[in-house]
Structure formats: structure tokens, C-alpha cells
Amino acid sequence: MKLSDVIADMILDMFDDDTSTIQIQRNDLAAQLGCVPSQINYVITSRFTPEQGYRIESRRGGGGCIMITRAATKENAVISLINSIGSSIDEKSAKSHIYNLGYHNLISDISANIMLAIVADSNFKGLPTEIKNHIRASQLKQALLACID
């Protein structure tokens with residue numbers, strides 16, 4: 001088993017049925033596992049993402065900590081993703097979010113295919129990149145909202 005898997009499993013084990021938020025001391029966890037703190041960062045940023053239903057907060061001072069909040073439902077995970085998109089998104093990032101949602105069974109294959117068609121660059125021929133990305137973000141958010149109804 002890879003170290004990344006061990007770290008992710010250890011973090012997931014910190015959650016229980018009644019806990020939706022955990023607090024991690026990055027340096028302590030790294031020392032416990034015998035790895036560098038940046039390895040903990042890598043796992044958190046790659047495996048505990050908004051599209052997977054997690055919100056990450058970093059607190060500095062007093063030793064610092066990382067707060068990981070798990071969405072209770074599919075709806076909360078999708079809402080977290082919508083809030084993280086912002087006012088602009090490029091095609092590659094939009095498609096990545098959609099693939100991740102499908103991979104984690106938060107949207108159906110049909111919904112994923114429709115969203116992939118919605119965010120494709122071919123829909124925005126002739127528009128400046130800034131406008132494309134703004135429209136794409138708006139359309140993706142609306143499609144995501146439609147999936148949680």
C-alpha cells in the first residue's frame with residue numbers, strides 16, 4: 001500500500017458517524033507516519049476536494065492545524081463544488097470536476113455526459129477566453145444545481 005493511501009485511510013478513520021469536521025496537526029501526523037509534512041498536504045489537496053464532498057480550512061498560529069469538513073449528503077458535496085468554482089472556469093478544470101463527480105457516483109453517467117457537452121470549448125467559438133470561462137462557470141453551476149433537485 002502506498003504512503004498516500006495510508007495517509008488518506010488514516011484521515012478517513014478520524015471521521016466517525018457523528019463527526020463531520022476533524023482537525024489535523026500536519027506536523028504531528030507526519031511525525032507519526034514518518035513522512036514529510038508536504039506529503040500530508042498532497043494527500044489532503046488531492047483526495048479531500050470539494051467535488052469529493054470536503055471543505056478544507058488551514059488555520060495558522062499556535063502550531064496551526066488543518067480542518068477538514070465532510071459534506072453530509074450528495075447535495076452538500078455538489079453545493080460545496082458550486083461554491084468553489086467561482087465566476088470563471090476553464091474547460092480542463094470543468095471537465096476534471098465533472099469526471100470526479102462521476103467517479104464518486106455523485107452524478108449519473110448521463111448527467112456527466114450532458115455536462116461535458118455543456119462545458120466544451122466548441123460551444124464558445126469566437127468568444128474571448130475570459131468571456132468563455134465566465135459563461136462556462138455559470139452554465140456548469142446551473143447544471144450542477146439541476147442534478148441535486
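FYI, side chains are in, hydrogens and waters are out, and symmetry mates aren't considered; it's all heavy atoms of this structure.
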[X] vs [Y] side-chain heavy atoms within contact, under 4.5 Å:
X	Y	result
Thr69	Ile22	no
Arg136	Asp121	yes
Val78	Cys147	no
Leu29	Gln39	no
Arg26	Ser58	no
Ile56	Thr45	no
Leu144	Met115	yes

With a 4.5 Å cut-off on side-chain heavy-atom distances among I, L, V, M, F, W and Y, is there a chain of contacts connecting [X] to [Y]?
X	Y	answer
Met14	Val43	yes
Val36	Ile66	no
Ile44	Met67	no
Tyr103	Leu81	no
Ile135	Ile82	no

Find the distance between [atom1] ([X]) and [atom2] ([Y]) and round it off to the nearest 0.5 Å.
X	Y	atom1	atom2	answer
Ile89	Ser138	CD1	OG	12.0 Å
Lys2	Ile7	NZ	CD1	11.5 Å
Glu130	His134	CD	NE2	9.0 Å
Ser87	Lys141	OG	NZ	6.5 Å
Ser108	Ile114	OG	CD1	7.5 Å

**Message:** Are more than 12 heavy atoms, taken from residues, nucleotides or ligands other than Tyr42, located less than 6.0 Å from that residue's OH atom?
**Reply:** no
**Prompt:** Around Asp13, counting heavy atoms of other residues, nucleotides and ligands shown, do more than 12 lie under 6.0 Å from its CG?
**Reply:** yes
Does [X] use its side chain to pair, donor to acceptor, with the backbone of [Y] at less than 3.5 Å?
X	Y	value
Asn123	Ala117	yes
Asn133	Ser88	no
Lys132	Gly126	no

**Prompt:** Passes side-chain contact (heavy atoms from CB on, under 4.5 Å), Ile68 versus Phe15? Steps please.
**Reply:** CA-CA 10 Å; Ile68 303 174; Phe15 287 103; 3.8 Å; yes
Between [X] and [Y], what is the shortest heavy-atom contact and its length?
X	Y	result
Ile118	Ala143	CD1-CB, 4.1 Å
Leu3	Cys35	CD2-CB, 3.6 Å
Ile107	Ile98	CD1-O, 4.0 Å

**Request:** For Val119 and Lys95, run side-chain contact (heavy atoms from CB on, under 4.5 Å): C-alpha distance rounded to whole Å, both residues' side-chain angles, the deciding distance at 0.1 Å, then the answer.
**Result:** CA-CA 7 Å; Val119 302; Lys95 286 184 172 185; 4.0 Å; yes
**Message:** For Tyr54 and Phe48, take the angle between the two ring planes, folded into 0 to 90°, and tell me which bin it lands in: parallel under 30, tilted 30 to 60, perpendicular over 60.
**Reply:** perpendicular
**Asked** Can you check salt bridge (charged side-chain N to carboxylate O under 4.0 Å, His left out) on Arg47 and Asp5, steps first, answer last?
**Response** CA-CA 10 Å; Arg47 302 206 185 178; Asp5 295 331; 2.8 Å; yes
